[in-house]
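Worksheet for the structure shown next.
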Amino acid sequence: MSALKLGVLVSGSGTNLQAIIDSIKSGKLRVSVEVVISSREDAFAIKRAKESGIEAVAICPEWFPSKAEYEEAMINKLREAKVELVVLAGFLKVLSPHFIRAFAGRIINIHPSLIPAFCGKGYYGLKVHKAVLEYGAKVTGATVHFADEGTDTGPIILQKAVEVRDDDTPEILSKRVLEVEHEILPEAIRLFAEKKLDVVGRRVFIKE
Ligand code: GRF
């Protein structure tokens, strides 16, 4: 059986992409990253991909007269690469129902909180951790979920908790959460690749 083909969408530093690449190199993850698409030309994630010999392109929304044309360009690129699973790894654009339907059940996202807490519109990057600290939460964490037509609302695949410490700043907390993201995202991809995820309504059962 040939290795599952991934398309990874990024917008920034690409540490989650790097975690996927490192898991492949270590043999833990038997998939192939066919293409990386960045919504920003200056994303360090592009450099990371190219250093690993992976095709990486910027497809930026501001280049297109409409969101539909922007998304069509990404869909075409992903289809050209015969992508079987789309991974949103630090991808900061909201995808339309049209895009979601184009890869129904084959898009996963990593979010830096324990969904349904601290997620949805406007919750990204350090804003998430700032909100966690301001609220006084004692536990936060990371979530990998299937993307659906909402924002951070699709069925949850994996979650892992991170303790909030009294002396945390958003930056310090984000680093501890990022470590957990780098564990659970490759693991969720492995489970998908090995067809061990059974989605029943909102619930995802793992058949290990
Ligand atoms: C991560 O916290 C991720 O959960 C969020 O964007 C942040 C940066 O990700 N979506 P990366 O370093 O670009 O992978």
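In listed order, ligands and their atoms are each counted from 1. Position 1 is the first residue of the sequence; numbering continues from there.
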Open item on the list: With side chain to side chain contact (heavy atoms under 4.5 Å, CB included) as the test, pick out the partner of Val86 among Ile108, Leu78, Val8.
Closed with: Leu78
Open item on the list: Check this for me, if you would: do Lys160 and Glu179 make a salt bridge, where the nitrogen-to-carboxylate-oxygen distance has to be below 4.0 angstrom?
Closed with: no
TODO: Report, as yes or no, whether the 6.0 Å neighbourhood of atom NZ on Lys67 holds more than 12 heavy atoms from other residues, nucleotides or ligands.
DONE: yes
- [ ] Verify the neighbour count for atom CG of Asp166: are there more than 12 heavy atoms of other residues, nucleotides or ligands below 6.0 Å?
- [x] no
Open item on the list: If we count only N and O atoms by modelled type, under 3.5 Å, do the side chains of His129 and Thr140 hold a donor and an acceptor together?
Closed with: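 Absent: no donor and acceptor within the cut-off.
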Task: Polar proximity ligand 1 side, Gly14 side, N/O cut 3.5 Å exclusive - done: yes
Open item on the list: For ligand 1, which is the ligand I care about here, please tell me if His111 has any N or O atom under 3.5 Å from one of the ligand's N or O atoms.
Closed with: no
TODO: Give the single entry among Gly90, Ala142, Ala89, Ser13 that approaches atom 7 (C) of ligand 1 most closely by any heavy atom.
DONE: Gly90
- [ ] Please work out which of the three classes, parallel, tilted or perpendicular, describes the rings of Tyr70 and Phe64, given edges at 30° and 60°.
- [x]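 It falls in the tilted class, 30° to 60°.
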- [ ] Considering heavy atoms of the protein only, find what lies nearest to atom 9 (O) of ligand 1 and give residue, atom and distance to 0.1 Å.
- [x] Asn16 ND2, 3.5 Å
Open item on the list: Among all the protein's non-hydrogen atoms, which is closest to atom 4 (O) of ligand 1, and how far away is it?
Closed with: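 Residue, atom and distance for the closest contact: Glu181 OE1, 2.6 Å.
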Could you tell me which atoms of ligand 1, counted from 1 in the order shown, lie closer than 4.0 angstrom to a heavy atom of [X]?
{"X": "Leu178", "result": "1 (C), 2 (O)"}
{"X": "Pro112", "result": "2 (O), 4 (O)"}
{"X": "Ile110", "result": "4 (O), 10 (N)"}

